[in-house]
Student: 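Structure in structure tokens, see below.
Throughout, residue positions are numbered sequentially from 1 according to the sequence presented. The basis for the numbers below is simple: all heavy atoms, side chains too, and nothing from hydrogens, waters or symmetry mates. First listed ligand is number 1; within each ligand, the first listed atom is number 1.
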Amino acid sequence: MKNITVLGAGAWGTAFGQVLADAGNTVTMWAIEPEIVTDIHEHHRNSYRLPSVEQLPANMDATGDRAQAVANADIIVVAIAAQFARIALAEFKDLIPSTALVVSLMKGIERTTGKRMDEVVRESLNLPAERFVAISGPNLSKQVADRQPAATVVGCADIANARTVAQACETKYFKPFVTTDVIGLEMCGSLKNVVALAVGMARGAGYGENTAAMIETRGLAELTALGKAAGADPKTFAGLAGVGDLVATCGSPLSRNYTFGANLGKGLSVEEATKASNGVAEGVPTTDAVVALGRQLGVPTPLASAMSNVLTRGISCADMLGELFGGDITEE
Ligand SMILES: NC(=O)C1=CN([C@@H]2O[C@H](COP(=O)(O)OP(=O)(O)OC[C@H]3O[C@@H](n4cnc5c(N)ncnc54)[C@H](O)[C@@H]3O)[C@@H](O)[C@H]2O)C=CC1
Ligand SMILES: O=C(CO)COP(=O)(O)O
């Protein structure tokens with residue numbers, strides 16, 4: 001049993017906090033929103049971000065005080081919208097215990113720097129690689145919060161630390177696997193959101209399974225090529241964090257990225273889809289970061305580039321798909 005602090009009480013931070021509490025740990029949520037802290041602390045609810053859960057476990061509490069939140073933590077879990085991770089973590093830099101493991105649940109690439117979350121978290125907290133852990137997999141927050149069976153992948157350069165975190169989040173309904181391929185997990189989690197935007201857009205525009213399967217499969221090829229060039233193990237892309245998360249995210253209206261895309265496909269503007277979004281759609285700022293990363297690594301990113309044209313130039317779904325069909329006939 002460990003003291004675990006979760007930074008960010010959004011939908012996934014809260015659902016994962018419940019997993020950790022169910023696994024027997026003492027869980028402290030920290031949130032920037034005072035109303036969420038009060039809701040969790042006084043009512044054992046997060047009616048703002050995870051209203052489907054009527055009663056959070058008794059061994060789960062919340063505070064808005066940064067120092068108090070992390071003072072006794074063995075493990076610190078970061079579940080903040082990726083573009084705000086650096087600024088939010090700066091406030092914790094001098095507060096976190098020197099032995100604590102830091103876990104990122106985030107799935108995004110920093111738009112201003114093109115950096116993955118492992119890089120952002122380690123830079124922000126001055127953290128050695130062996131104390132950074134990434135978690136990524138097909139984990140739609142509402143279904144995990146409903147305690148439906150699900151699995152995930154826990155990655156750390158030091159496999160023993162990956163196992164420590166995996167043991168801390170293992171429950172009857174939540175099964176962690178371990179890996180040392182942190183880069184693979186980061187690339188899978190971030191890039192599948194871009195693919196989900198495109199699949200959602202096609203679905204929203206009325207296209208069927210063939211079109212969705214094409215985007216998912218070509219998207220997988222794109223994220224595998226980019227991941228390999230960034231140093232990831234190609235095996236990771238065929239596993240839970242890769243194919244698994246693509247299947248879950250690209251097939252569910254519970255996904256904010258899928259839904260954002262679907263709204264674009266139905267004719268909403270980016271501004272309107274942003275307003276309609278129930279939480280952060282990480283694929284939106286990550287799309288341009290992926291295009292830039294592709295350029296930097298010399299890897300073509302036709303899907304991310306087409307989605308970037310949707311998001312920045314407002315091209316239609318038909319034109320986005322037309323871009324995917326462009327170019328010469330090549331070997332698959
Ligand atoms: N919801 C899901 O099913 C899953 C989400 N994720 C990832 O987990 C991360 C968090 O997602 P959710 O909790 O679902 O998102 P959410 O939209 O429900 O919550 C985002 C959180 O970021 C916090 N935040 C934003 N700016 C902040 C700042 N400047 N300082 C402090 N906190 C700030 C918000 O207060 C909120 O708690 C994302 O990267 C997402 O891709 C990963 C797996 C599943
Ligand atoms: O990452 C997720 C499921 O694994 C959640 O996807 P969204 O962020 O699109 O809701």
Student: What atoms in ligand 1 come closer than 4.0 Å to a heavy atom of Ala88?
Tutor: 30 (N), 31 (C)
Student: Which word best sums up how the rings of Phe92 and Trp30 line up, parallel for under 30°, tilted for 30 to 60°, or perpendicular for over 60°?
Tutor: perpendicular
Student: Show the atoms of ligand 1 that are less than 4.0 angstrom away from any heavy atom in Ala9.
Tutor: 37 (O)
Student: Within a distance under 4.0 Å of any heavy atom of Leu140, pick out the atoms of ligand 1 and give their elements.
Tutor: 3 (O)
Student: Is the shortest distance from a Lys or Arg side-chain nitrogen in Glu33 or Arg49 to a carboxylate oxygen in the other one below 4.0 Å?
Tutor: no
Student: Between the side chains of Glu209 and Arg203, is the shortest nitrogen-to-carboxylate-oxygen separation below 4.0 Å, so that they form an ion pair?
Tutor: yes
Student: Does an N or O from Trp12, backbone or side chain, lie closer than 3.5 Å to an N or O of ligand 1?
Tutor: yes
Student: Determine which pairs satisfy side chain to side chain donor-acceptor pair (under 3.5 Å) with at least one residue from residues 96-108, sequence neighbours left out, and list them in order.
Tutor: Lys107-Asp245
Student: Mind checking the CG-CD spacing from Leu324 to Glu222? Nearest 0.5 Å is all I need.
Tutor: 8.0 Å
Student: Please could you name the atoms of ligand 1 that Gly279 approaches to less than 4.0 Å, counting only its heavy atoms?
Tutor: 17 (O)
Student: Taking both backbone and side-chain atoms of Ala81, is any N or O found less than 3.5 Å from an N or O belonging to ligand 1?
Tutor: yes
Student: Identify the closest protein heavy atom to atom 35 (O) of ligand 1: which residue and atom is it, and at what distance?
Tutor: Glu33 OE2, 2.4 Å
Student: Heavy-atom contacts with Met106 under 4.0 Å: which atoms of ligand 1 show up? List them by number with element.
Tutor: 39 (O)
Student: Would you kindly specify which portion of Arg49 sits under 4.0 Å from ligand 1, judged on non-hydrogen atoms: side chain, backbone, both or neither?
Tutor: side chain
Student: With sequence neighbours left out, write down each residue that passes side chain to side chain donor-acceptor pair (under 3.5 Å) with Asp181, or none if nothing qualifies.
Tutor: Thr236
Student: With no hydrogens and no angle check, just 3.5 Å: does a side-chain donor-acceptor pair link Ser52 and Lys142?
Tutor: no
Student: With a 3.5 Å cut-off and no angle check, do the side chains of Thr28 and Asp61 form a donor-acceptor pair?
Tutor: no
Student: N/O of Val280 under 3.5 Å from N/O of ligand 1, yes or no?
Tutor: yes
Student: Using a strict 4.0 Å threshold on nitrogen-to-oxygen distance, state whether Glu54 and Arg45 make a salt bridge.
Tutor: no
Student: Give every pair formed by an N or O atom of ligand 2 and a protein N or O atom closer than 3.5 Å, one pair per line with both atom names and the distance to 0.1 Å, or write none.
Tutor:
{"from": "ligand 2", "atom 1": "1 (O)", "to": "Lys107", "atom 2": "NZ", "distance (Å)": "2.9"}
{"from": "ligand 2", "atom 1": "1 (O)", "to": "Lys192", "atom 2": "NZ", "distance (Å)": "2.7"}
{"from": "ligand 2", "atom 1": "4 (O)", "to": "Lys107", "atom 2": "NZ", "distance (Å)": "3.0"}
{"from": "ligand 2", "atom 1": "4 (O)", "to": "Gly137", "atom 2": "O", "distance (Å)": "3.1"}
{"from": "ligand 2", "atom 1": "4 (O)", "to": "Asn139", "atom 2": "N", "distance (Å)": "3.0"}
{"from": "ligand 2", "atom 1": "4 (O)", "to": "Asp245", "atom 2": "OD1", "distance (Å)": "2.7"}
{"from": "ligand 2", "atom 1": "6 (O)", "to": "Lys192", "atom 2": "NZ", "distance (Å)": "3.3"}
{"from": "ligand 2", "atom 1": "8 (O)", "to": "Arg256", "atom 2": "NE", "distance (Å)": "3.4"}
{"from": "ligand 2", "atom 1": "8 (O)", "to": "Arg256", "atom 2": "NH2", "distance (Å)": "3.0"}
{"from": "ligand 2", "atom 1": "8 (O)", "to": "Asn257", "atom 2": "ND2", "distance (Å)": "3.3"}
{"from": "ligand 2", "atom 1": "9 (O)", "to": "Ser255", "atom 2": "OG", "distance (Å)": "2.7"}
{"from": "ligand 2", "atom 1": "9 (O)", "to": "Arg256", "atom 2": "N", "distance (Å)": "3.1"}
{"from": "ligand 2", "atom 1": "9 (O)", "to": "Asn257", "atom 2": "N", "distance (Å)": "2.9"}
{"from": "ligand 2", "atom 1": "9 (O)", "to": "Asn257", "atom 2": "ND2", "distance (Å)": "2.7"}
{"from": "ligand 2", "atom 1": "10 (O)", "to": "Arg256", "atom 2": "N", "distance (Å)": "2.8"}
{"from": "ligand 2", "atom 1": "10 (O)", "to": "Arg256", "atom 2": "NE", "distance (Å)": "2.6"}

Student: With backbone taken as N, CA, C and O and side chain as the heavy atoms from C-beta onward, which portion of Ile32 lies under 4.0 Å from ligand 1: side chain, backbone, both, or neither?
Tutor: side chain
Student: Taking non-hydrogen atoms only, is Lys142 closer than 4.0 angstrom to ligand 1 via side chain, backbone, both or neither?
Tutor: neither
Student: Within a radius of less than 6.0 Å around CD of Gln55, do more than 12 heavy atoms belonging to other residues, nucleotides or ligands occur?
Tutor: yes
Student: How far is atom 27 (C) of ligand 1 from its nearest protein heavy atom, and which residue and atom name does that atom have?
Tutor: Phe84 CB, 3.8 Å
Student: If the cut-off is 4.0 Å to any non-hydrogen atom of Ser141, which atoms of ligand 1 fall inside it?
Tutor: 1 (N), 2 (C), 3 (O)
Student: What protein heavy atom sits nearest atom 44 (C) of ligand 1, and how far off is it?
Tutor: Asn139 O, 3.1 Å
Student: Applying a 4.0 Å heavy-atom criterion (strictly less than), which segment of Ala11 is in contact with ligand 1: side chain, backbone, both, or neither?
Tutor: both
Student: Rounded to the nearest 0.5 Å, what separates atom OH in Tyr258 from atom NZ in Lys192?
Tutor: 13.5 Å
Student: Please work out, at 4.0 Å between heavy atoms, whether the side chain, the backbone, both, or neither of Glu282 comes within that distance of ligand 1.
Tutor: side chain
Student: Can you report which non-hydrogen protein atom sits closest to atom 24 (N) of ligand 1, along with the distance?
Tutor: Ile80 CG2, 3.7 Å
Student: Any side-chain donor paired with an acceptor under 3.5 Å for Thr152 and Asn139?
Tutor: yes
Student: Against ligand 1, does Gly13 come closer than 4.0 Å with any heavy atom?
Tutor: yes
Student: Which residue holds the protein heavy atom closest to atom 11 (O) of ligand 1, what is that atom called, and what is the gap in Å?
Tutor: Arg256 NH2, 3.8 Å
Student: Quick one: which of Val121, Thr113, Ile80 gives a side-chain contact (heavy atoms from CB on, under 4.5 Å) with Arg86?
Tutor: Thr113
Student: With distance as the sole criterion, is a donor-acceptor pair present between the side chains of Thr14 and Asn46 under 3.5 Å?
Tutor: yes
Student: I need the minimum non-hydrogen distance between Val299 and Ala229, along with the two atoms involved.
Tutor: CG2-CB, 3.6 Å
Student: Scan residues 292-309 for pairs that pass side chain to side chain donor-acceptor pair (under 3.5 Å), counting only residues two or more places apart or in two chains.
Tutor: Asp288-Ser308, Thr301-Ser305, Asn309-Arg313, Asn309-Glu323
Student: Just so I know, are the side chains of Val153 and Val178 near enough to count as touching, which here means a heavy-atom distance under 4.5 Å?
Tutor: no
Student: Hey, is Ala79 one of the residues with a heavy atom under 4.0 angstrom from ligand 1?
Tutor: yes
Student: Please report the shortest heavy-atom distance between Gly108 and Ala82, naming the atom on each side.
Tutor: CA-CB, 4.0 Å
Student: For ligand 1, is any non-hydrogen atom under 4.0 Å from Ala15's backbone (N, CA, C, O), its side chain (CB onward), both, or neither?
Tutor: neither
Student: Which of the numbered atoms in ligand 1 are below 4.0 angstrom from a heavy atom of Leu105?
Tutor: 6 (N), 7 (C), 8 (O), 42 (C)
Student: Does Gly10 reach ligand 1 with a nitrogen or oxygen that is under 3.5 Å from one of the ligand's nitrogen or oxygen atoms?
Tutor: yes
